[in-house]
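Each remark here refers to the structure printed beneath this line.
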Amino acid sequence: MQYDAKQIEKKWQSFWDENNSFEPCEDTSKDKKYILSMFPYPSGRIHMGHVRNYCLGDAFARHFRKSGFNVLHPIGWDSFGMPAENAAIKHKLHPKKWTYENIDYMRDELKALGLSFSKNQEFATSDELYTKWEQEFIIKMYEDGLLYRKSTTVNWCEPCHTVLANEQVEEGCCWRCDTPVEQKEMPGYYIGITKYAQELLDDLKTLEGQWPSQVLTMQENWIGRSEGLEFKFELSKESRYKLNRTFTSYEVFTTRPDTIYGVSYSALAPEHPIVKYIVEHKLLPDNKINAILEMQKVSERDRATQEKEGLSLEIDVMHPLTGEKIPVWVANFVLSSYGGGAVMAVPAHDQRDFEFAKKYDLPLKRVILDASCEDNEAPLSEAFTGEGVLVNSESFTNLPNTKAKKAIIYHFEQNSYGTKKINFKLRDWGVSRQRYWGAPIPFVHCDDCGLVPEKIENLPIALPEDVQITGEGNPLDNHATWKNCACPKCGKEATRETDTLDTFVQSSWYFLRYATNHKKWQTEGISKEDSKYWMDVDQYIGGIEHAILHLLYARFFTKVLRDLGYTEWPPSTRIGSWTWELPNNTR
Ligand code: ANZ
Ligand code: ZN
C-alpha cells in the first residue's frame, strides 16, 4: 500500500478544521498545559526554521492532549516592523496589505504541515484591538512614572531624515543610502526597566533547572549588577575657576575601592557635561576641541572596538583621601551612561586604565601585592587584577584587599566622602521608532499642556491608511490630517506623537493575549481568571537569539502588568520551562 500524503493529510486537516479539534476547553478544573512556540514574523513564506520550531511544539501539544491535559497551543503573528515598510518601498505595496496577505499564505502553510494550533486564539499584533490594549498599558505606565520621555543620542541619517536602529548601521553608514551616520540628540520614550533590575535578577534563581543555564547566565550578565563605591571628585580651585565655577565636582563609581590609593588620573566620557562645557566654551586649543568633537561622533558601540584614545582636559581634581592633585582626561573607553560617566583610573590594577596610561605616559601606582609573586618590584607588563595585600595605602596598608574594600567603603561613609552603591548595566528601554508600521505611541503635544496622554476612550489611536512610504522621514510626520488633533486636556489645536513603539513591546505580552479566551478578549482585554489558569507557560520553544532581550522584556512586562493590576496570577516571573514538570509557583 502507498501512503497518499496529499489525500490523507488533507482529509484529516479538514476534519480537524471542521471539528475545532485543537481548541482548549473552558473547564478550568482540568489540569492544563500551555505549550508556546515563539510566534513568527509574517515575512512571506514559512522556512525550515519555522518547521523545526513548530514541529517541536506540536509534539508537546499532541502528547499532552493524549495524556488528558487541557492544552493551549496557540499561534499568531508578530506583524509590525521594518520588513513590511521595506516591501512597501521596494514593491509599492501597502504594509498592511503585504502583512495580512503574508499571514493568510503562511497560515495555510502551517495548516498543511498538520500542526495542531488553536484557530480561535489566533491574532496578529497589528490588529487594532491589540494596539488598543497596548496603548492603554503605555498610558498607565506613564501615569505610574514607568514610562518617560527624554533626549539621548541616536543614530541619524541626514539624507533619509530618519533615526536608525543599531542594526541598520553598516560599518558606520546608513543601510539604505550608504551615507555616514551621525550621532544626534533626539527625544524619545523610555520604559523604566531598571526599576525592576533587582527583581529580574533575583527571579532568575527560580528558573534554575528550568531554563537552559546559558540563558540564565546571559540574562544575569545583561542585567549586570555591580557593587562598589560612589564618591565625588572635587575639582581643584584653579580648575573650578577655569570652568567659570559652573562645576565643583563630579561623581565616579568604582568596584575596586581597595585600589583608591593607586589612582593616578581620572577620565571622563566624551559626553560628560564637563567635557561638553569645555567644548562649548572653547576652553582648550582648537586641535584638542576638534579631537573631542571627533570622539563624540563615534557611537559608543563602535568605540568599544576602537583603540583607547583621549587627551588631557588641563584640569585636575583632588584625591578624596590624600588631597593629592590628579589630572583629568577625556577618554573614549568611558561610557557616558554608566556610573556618572567618569572613572578613577588605576592603571596598575585595571587593564583598560593600564593601556591608556602606557599610551599617554601617565604614572602607575601599585597598591596591591601579589602574594604568589616573588618580585613585586618588577615593572608590570599588564595590570595586576588578582587578589592580594595592600601597600602604599596609609592606614589600610597590609590589609587583604577584599577586607580593604569593605573598610574603605566604611571609611568613606563615616566621613561622608561617598557611599556604597549598587549599579546595573541594564539600561532603560528606548521604545521610540520613527516608523510607520508600528503601534502609535498614544500621546499628544500641546503648546499649553505639554505632553498629554490620549484619553483611554479614544483608543486605539490607529494608523492612517493613506500614506506614502518612501523610506525618507516618518510617514506619520508628513500626514497632516492624522497628525493635527485636539489636545485631550484643553481641547486646543495640538499634534499627535508620530513615534511608534518598538516591536519588542508587542512580543512582551502576547502570551497573555493567548491566555485569554478569544470571546472575553473582545470585550475585556486580558482576563485575570483565564490568565491565572493558563499561566505560566509550561513549555516555551524558540531560538537562542531571543535569550536576552525578548525573554527579559517578557519577564519584565509580566511583572508590570501584574503591578498595574491587569493580572493576578501568582506573581511568578516564569514564562517558560524547559522541563516536563513545573514546580509549584513560589516566590
Ligand atoms: C577603579 C578601578 C580599579 C576599577 C581597578 C576597576 C579595577 P563594572 O561595574 O563591573 O562594569 N567604570 C566605572 N564607570 C565607568 C564608565 N562610565 N565607563 C567605563 N568604565 C567605568 O565595572 C566598574 C568599573 O568600571 C569601575 O571600577 C571603573 O573602574 C570602571 F583596579 O574603578 B574601576
Ligand atoms: Zn493642551
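It should be emphasised that the depicted structure is a prediction, and the values quoted were computed from it without experimental measurement. Whatever order the structure lists them in is the order used to number ligands and atoms, beginning at 1.
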Exercise. For atom 31 (F) of ligand 1, find the nearest protein heavy atom and state the residue, atom name and distance (0.1 Å precision).
Key: His349 O, 2.7 Å

Exercise. Please check if any side-chain donor atom of Asn423 sits under 3.5 Å from a side-chain acceptor atom of Ser226, or the reverse.
Key: no

Practice problem: Indicate yes or no: does an N/O atom of Ser226 lie under 3.5 Å from an N/O atom of ligand 1? | Solution: yes

Quiz item: Side chains of Tyr41 and Thr503: donor-acceptor distance under 3.5 Å anywhere?
Solution: no

Self-check item: Heavy atoms of other groups near Lys237 NZ, more than 12 under 6.0 Å
Solution: no

Quiz item: Any N or O of Leu335 that comes nearer than 3.5 Å to an N or O of ligand 1?
Solution: yes

Quiz prompt | Heteroatom distance test (Arg352, ligand 1): nitrogen or oxygen, under 3.5 angstrom | solution = yes

Quiz item: Short list, please: which atoms of ligand 1 are under 4.0 Å from a heavy atom of Met344?
Solution: 1 (C), 32 (O)

Self-check item: Atom pair CD/CG of Gln219 and Asn221 - distance to nearest 0.5 Å
Solution: 10.5 Å

Self-check item: Nearest-contact summary for atom 6 (C) of ligand 1 - protein heavy atom, Å
Solution: Asp350 OD2, 3.2 Å

Quiz item: When you check the side-chain N and O atoms of Gln306 and Asp302, is any donor under 3.5 Å from an acceptor?
Solution: no

Exercise. May I ask you to check whether Arg256 has an N/O atom sitting below 3.5 Å from an N/O atom of ligand 1?
Key: no

Self-check item: Ligand-residue contact atoms, ligand 1 with Phe253, heavy atoms, under 4.0 Å
Solution: 9 (O), 13 (C), 26 (C), 28 (C)

Exercise. Consider only side-chain N and O atoms of Gln183 and Gln296, and report whether a donor and an acceptor are under 3.5 Å apart.
Key: no

Quiz item: What's the shortest distance from atom 19 (C) of ligand 1 to any protein heavy atom, and which residue and atom give it?
Solution: Phe333 O, 3.5 Å

Quiz item: Do the side-chain N and O atoms of Tyr261 and Glu394 include a donor-acceptor pair separated by under 3.5 angstrom?
Solution: yes

Quiz item: What is the nearest protein non-hydrogen atom to atom 32 (O) of ligand 1, stated with its residue, atom name and distance?
Solution: Thr254 OG1, 2.7 Å

Exercise. Could you point out which residue of Tyr190, Phe137, Tyr189, Phe443 forms a ring pair (Phe, Tyr, Trp, His ring centres under 6.0 Å) with Tyr142?
Key: Phe443

Self-check item: Electrostatic pair Arg433-Glu85, nearest N-O below 4.0 angstrom
Solution: no

Quiz item: Hey, does Lys425 come in under 3.5 Å of ligand 1, counting only N/O atoms on both sides?
Solution: yes

Quiz item: Charged N to carboxylate O below 4.0 Å: is that the case for Glu300 and Arg427?
Solution: no

Quiz item: Who's the nearest protein heavy-atom neighbour of atom 3 (C) of ligand 1, and how far?
Solution: Thr259 OG1, 3.3 Å

Practice problem: Could you establish whether Thr255 and ligand 1 come within less than 4.0 Å of each other, counting only heavy atoms on the residue side? | Solution: yes

Self-check item: Contact (N/O only, under 3.5 Å) between Asp353 and ligand 1
Solution: no

Practice problem: For atom 21 (C) of ligand 1, grab the closest protein heavy atom and report residue, atom and distance to one decimal in Å. | Solution: Val343 CG1, 3.2 Å

Quiz prompt | Part of Val334 with heavy atoms under 4.0 Å of ligand 1, whether side chain, backbone, both or neither | solution = both

